[in-house]
There are 2 protein chains.
Amino acid sequence: MTDSIVANSLTSSTAVTCDNCNLGNLCIPKGLNRSEIDALELLVNRNTLIRKGAALYHAGSPFKGILALRSGSAKLIHHDRSGHEFIVDFTLPGELLGFDGLTSLKYNCTAIALETVNFCRLPEHKIAVLANNSPSLSHVLLQRSSSQCDQQVQHMLLNRRSAEERVAGFILRLSERLKARGYAELEFRLSMSREDIGNYLGIAHETVSRIMHYFQAQQLIEIKSKHLKIKNKKKLLDFYSV
Amino acid sequence: MTDSIVANSLTSSTAVTCDNCNLGNLCIPKGLNRSEIDALELLVNRNTLIRKGAALYHAGSPFKGILALRSGSAKLIHHDRSGHEFIVDFTLPGELLGFDGLTSLKYNCTAIALETVNFCRLPEHKIAVLANNSPSLSHVLLQRSSSQCDQQVQHMLLNRRSAEERVAGFILRLSERLKARGYAELEFRLSMSREDIGNYLGIAHETVSRIMHYFQAQQLIEIKSKHLKIKNKKKLLDFYSV
DNA sequence: CGCAGTATTGACCAACCTCAAACACTGTGG
DNA sequence: CCACAGTGTTTGAGGTTGGTCAATACTGCG
């Protein structure tokens, strides 16, 4: 079994272009026409590798562009004064990150790889240039940004509910996001620790463990360490009916 | 004392234009040049009035544009299946709302006036047109959207802390936002109910009351019904040191 | 094999919620 | 101007969820 939530399908050494990229229309080019994609090709830095535990960018550092995860996953964290970290979001393969740097041109959060990560970058200084020539790109970026915001709202709503509902919601959303990207929706690997999940959901990691155990006892899931199988999606949904 | 968090300075009947609007550079035109602002003039619907309790827009209804509050305040709410409402955000005068409709072209939330509200609208069908002619506008919109997202993150972080920290943070942020718009920072009217505050902060409204009372006993604030005075900002900050 | 990090499980406890009742404020009509 | 209804706010008592601390088990890796 692969170490990653997903297997990276690109093992050959041929150059990766937006054209042959496995992200398909999940990435920025979605909604752009041929010539616009060609223009994008010239601007995107490709195939950067970062390994588990390393940062894709740091809070406070100057905005260097929007990133697209090609494989691997990451956590977006925010530090308070006392140094305690809060996980704001997880980023799955095919998803974009870096929007937290757009406003002030400094990143707001730190992005840490949860496993080896392969990503593309659309550099900051080219975003403005591109936006002038290609209004659709501005529109795509705006939509993505606003969509990120919607997701934040969803997360916030989830975090107002009971611990059981949070865990159920967490599992189901992860499942949905993986499904949307073509991965198995009912069986996958949790690339983040219980600690991370608890932090993200605003509950203690022991509580995450207990609830996972309880869900397993109820035959809703099977959980062994990081390997998760959803056995009864319907009942799981009962816990989380937004 | 006025019934509103702010007094609406526009009592004359002369036409309001982006040029003479009291929102100044808090509104969309910020960062645009002269001719761009002039173009905007022609596109913005001005001076719409909505009274307390009425909706500025409904969740699920088609996106009709970005709104700018000229006076009065509003709450952004989200309903779950069981009909229970969750307050996602409050909007103060001078702030924009409607970004929750950009992604899917349907509003995600319902916006309800907390008191009589006067607002402008930048209609949806003109946003794309304008973006073509004025790349700066796209940029401004993108920044605003991304800034909304940052705020959501801040809210989420706040909602992971203790009830006391949440209330302290709520008061201090409200104060900051009002200050940024030129209103008194240490004495203002809470246009929302305790119920709304509790909902927003993810705590019971009784807890909000109790903590307000406690803060008053500690000489941090003076609270009488909706009228709030901050007596000791420093100590209040101690409760909320992010 | 052993170590370090991670996950599970249990016992106890505190923060906060729920329910209930009293009280205050607002606006309305007499 | 007062009485009253309706809503919003405060205050109290008791219960529950989920946190904390601590001990134990598991996993992956050198």
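The distance from atom CZ of A:Arg210 to atom P of C:dA11 is 11 Å, rounded to the nearest whole Å. Distance CZ (A:Arg194) to P (C:dG5): 18 Å, rounded to an integer number of Å. Atom CE of B:Met192 and atom C1' of D:dG8 are 15 Å apart (whole Å). The interatomic distance linking B:Glu165 (CD) with C:dA15 (C1') rounds to 12 Å, in whole Å. Protein atom NZ of B:Lys52 is 11 Å distant from nucleotide atom C1' of C:dG27, rounded to whole Å. For the pair A:Leu228 CG and C:dA7 C1', the computed distance is 15 Å after rounding to whole Å. Rounding to whole angstrom units, CD of residue A:Glu206 and P of C:dA7 are separated by 11 Å.
Using a 4.0 Å heavy-atom cutoff across all strands shown, A:Ser225 reaches no nucleic acid atom at all. Note on A:His205: a base of the nucleic acid sits closer than 4.0 angstrom, heavy atoms only. Residue contacts for A:Gly202: at a heavy-atom cut-off of 4.0 Å it reaches the sugar-phosphate backbone alone, with no base atom in range.
Aromatic pair A:Tyr200/A:Phe90: centroids less than 6.0 angstrom apart.
A donor-acceptor contact shorter than 3.5 Å is absent between the side chain of A:Arg161 and the backbone of A:Leu157.
If you check distances only, the side chain of B:Glu164 never reaches the base of C:dC16 with a donor-acceptor pair under 3.5 Å.
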